[in-house]
Amino acid sequence: MTASATLQAEPSPIVACTIRREPDGFELLIEDMETTMGDKWGDLGFAEALMFFNQPEAETLEFIAMAVDAEDEGNLSLLSEVITQARAQGIKVILIAEDVSPAALHQLLRKGADEFVPYPLPENELAAAISRIQQPDPEPEYDPDRHVVPRTGGGKGDRNGAVLVCHGLAGGTGATTLAVNLAYELAQGAPKPARRSKRKAEPAPPPKVCLLDLDLQYGSIATYLDLPRREAVYELLSDTEAMDADVFKQALIGFEDNISVLTAPSEMLPLDLVSQGDIQRIIEMARSHFDFVVVDMPKTIVQWTETVLNEAQVYFALIEMDMRSAQNIQRLKRALQAEELPVEKLRYVMNRAPKFTELTARQRVKRLAETLDIAIELHFPDGGRQVTQGADHGVPLGSAAPKNPLRKEVQKLAHSLLELDYAVEAAEA
């Protein structure tokens, strides 16, 4: 469709647009838009959208619904530019995604998409997303002693980091191992690009990574990295409303050059010591100062699990090939669906997955996924004794055992999250 054929300025102005690669794709989205928006919306291709944003008719746009699938992953630079231009014009962005990899989804969300909805669209989910983005931003709070107080949790930093969460659905599934080693590999930066550009360019600096241990009772990240536990952590958790950038940084402890760690407190604390608001303030502060925020969660589902799930770009749920993991997946899915929480954010990770030659075991994994109606996207091998030895000595696998098979898979995952940044930078250059 062309912009002139699709966008009808009369009798009412256009307040929304769907943007998709082909005019006959994502039919359920079109049906939901007609139901929700009536005749106050239009339909564009990606290249058309960039031109339309500069036209007078675009001044009435409130939001766009950008629909992407696996075929669009080869053109992420154009998709990112559409989101960037929309945000520059004050237009909200709802991202509709079907079969998009976690790395690509992470890249698009970091560009500033306001809402994410999976496709096929859950019932009434598009209308709910539209309602959320139409809510006005909260006004600053007023304090007679401080005059105008910034919105709670607002950081002073200039970054907008991605939140990656690791949650073990049973004991010993390796969530802390993944959190520590993923943070370490992200902090090493992306590998040298083989086909970057014929022009010489300075390599991008490694990203800054923040590692949050939110298991307030049994958190062991401090042990895995041989770090001391600070009393400042308890002080921070006890009064996050008074937290500013300086207080937050004083509670962190550095590991090597680019990782800052918020360890678990030195004493065992109740999980309800912190509220949803406390956790949101901590995550928002971390995002404003770091490129990646890796969160290690307790196995227990608590009130603020919802907050972390909503803030996360990717929520890794670690399982093993056993009955307890299967039962806990069912319980977790039912709990999230009952509360209408974004269960689609879960990315299931099979730890100690069977080897390629173990055909019978691999068939069991396949049947498990089909029975539970989930997609197991990552299969991590058993790292063996080197994993335990590295943790006991406080050294990540990348340093303790670089050739370990588990380390190689975590490194691949980290690179998949980093390589797209290089691709976008090269395209913009």
Side-chain angles (χ1 to χ4, degrees), residues 101-107 161-170 172-192 206-213 215 219-221 223-226 255-261 290-297 312-321 325 346-356 365 375-422:
S101 68
L105 185 61
H106 153 72
Q107 179 69 31
V163 179
L164 311 175
V165 181
C166 301
H167 188 158
L169 299 193
T173 54
T176 301
T177 297
L178 175 59
V180 168
N181 287 282
L182 179 59
Y184 177 82
E185 299 298 341
L186 288 170
Q188 305 311 303
K192 294 180 180 179
K208 294 179 63 178
V209 180
C210 184
L211 182 55
L212 304 179
D213 192 344
D215 189 345
S220 53
I221 285 179
T223 302
Y224 278 45
L225 295 176
D226 193 22
F255 180 84
E256 296 191 349
D257 294 330
N258 292 309
I259 304 179
S260 297
V261 184
F290 294 89
D291 300 297
F292 290 95
V293 180
V294 181
V295 181
D296 186 23
M297 291 288 286
Q313 271 68 55
V314 183
Y315 199 103
F316 295 110
L318 282 89
I319 60 175
E320 289 188 355
M321 188 58 211
S325 292
L346 298 182
R347 295 292 180 265
Y348 294 96
V349 181
M350 175 64 70
N351 197 18
R352 302 180 182 91
K355 298 178 181 178
F356 181 76
V365 173
I376 303 176
E377 301 181 18
L378 296 170
H379 296 75
F380 286 168
D382 189 347
R385 295 177 60 184
Q386 290 178 328
V387 176
T388 303
Q389 292 171 349
D392 287 345
H393 289 85
V395 182
L397 283 173
S399 296
K403 295 183 180 180
N404 184 279
L406 175 60
R407 185 263 172 164
K408 291 181 179 179
E409 291 302 315
V410 176
Q411 186 183 48
K412 288 179 184 178
L413 173 61
H415 288 175
S416 70
L417 297 171
L418 290 165
E419 286 172 351
L420 291 175
D421 288 333
Y422 279 114

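In what follows, residues are counted from 1 in the order of the sequence shown. Only this structure's heavy atoms are used, side chains among them; waters, hydrogens and symmetry mates stay out. Small disclaimer: the values here were computed from a predicted structure and weren't measured.
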task = Check step by step if side-chain contact (heavy atoms from CB on, under 4.5 Å) holds for L418 and F292.
result = CA-CA 10 Å; L418 290 165; F292 290 95; 3.6 Å; yes
ask   = Where is the tightest heavy-atom contact between A400 and G390, given as atom of each residue plus distance?
value = CB-CA, 4.3 Å
task = Check the pair R347 / L378 against side-chain contact (heavy atoms from CB on, under 4.5 Å), numbers first and verdict last.
result = CA-CA 8 Å; R347 295 292 180 265; L378 296 170; 5.9 Å; no
request  = Supply the atom-to-atom distance L211 CG to F290 CZ, rounded to the nearest 0.5 angstrom.
outcome  = 10.5 Å
ask   = Can you tell if the side chain of L164 reaches within under 4.5 Å of the side chain of L186, non-hydrogen atoms only?
value = yes
ask   = Got a second to check how far Q411's CD is from N404's CG, nearest 0.5 Å?
value = 11.5 Å
Separation of Y348 OH from I376 CD1 (nearest 0.5 Å) = 9.5 Å
message = Looking at L413, is its backbone amide N or carbonyl O close enough to the side chain of S416 to form a donor-acceptor pair, meaning the two atoms are under 3.5 Å apart?
response = yes
ask   = Just by modelled atom types, is the P396 backbone N or O under 3.5 Å from a matching donor or acceptor in the N181 side chain?
value = no
message = Please find the pair of heavy atoms, one from A183 and one from I259, that lie closest to each other, and give the distance.
response = O-CD1, 3.8 Å
ask   = Do S260 and K208 come close enough that some side-chain heavy atom pair is under 4.5 Å?
value = no
note = Rounded to the nearest 0.5 Å, the OG1 atom of T177 sits from the CG atom of L182 at a distance of 12.0 Å
Interatomic distance, L397 atom CG to K408 atom NZ [nearest 0.5 angstrom] = 12.5 Å
note = Separation between CG (L346) and CZ (F316), nearest 0.5 Å, reads 11.5 Å
task = Take I221 and V180 through the test side-chain contact (heavy atoms from CB on, under 4.5 Å) and record every step on the way to the result.
result = CA-CA 7 Å; I221 285 179; V180 168; 3.9 Å; yes
query = Taking the inter-plane angle between the rings of Y184 and F255 on a 0 to 90° scale, is it parallel (under 30°), tilted (30 to 60°) or perpendicular (over 60°)?
reply = perpendicular
For the student: nearest non-hydrogen atoms of A175 and C166, plus distance = O-CB, 3.6 Å
ask   = Taking the side chain from Q313 and the backbone from V163, do they hold a donor-acceptor pair closer than 3.5 Å?
value = yes
ask   = Do P402 and R407 come close enough that some side-chain heavy atom pair is under 4.5 Å?
value = yes
inquiry  = Using a 3.5 Å distance criterion without hydrogens, assess whether the side chain of N351 forms a donor-acceptor pair with backbone atoms of L318.
reply    = no
task = For residues P207 and D291, report the shortest heavy-atom separation together with the two atoms involved.
result = CA-OD2, 3.4 Å
Side-chain H-bond candidate by donor/acceptor type, D296 with T176, under 3.5 Å = yes
key: Shortest non-hydrogen contact between H393 and D226, atoms and distance   = O-CB, 4.4 Å
message = Test your reading of the model: is there a side-chain donor-acceptor pair from N258 to the backbone of Q188, 3.5 Å cut-off?
response = no
note = What one should report as the nearest heavy-atom pair of P206 and A187 is CB-O, 3.3 Å
key: Ionic contact status for E185 with K412, cut-off 4.0 Å   = no
inquiry  = I'd like to check E377 versus V349 (side-chain heavy atoms, cut-off strictly below 4.5 Å). Are they in contact?
reply    = no
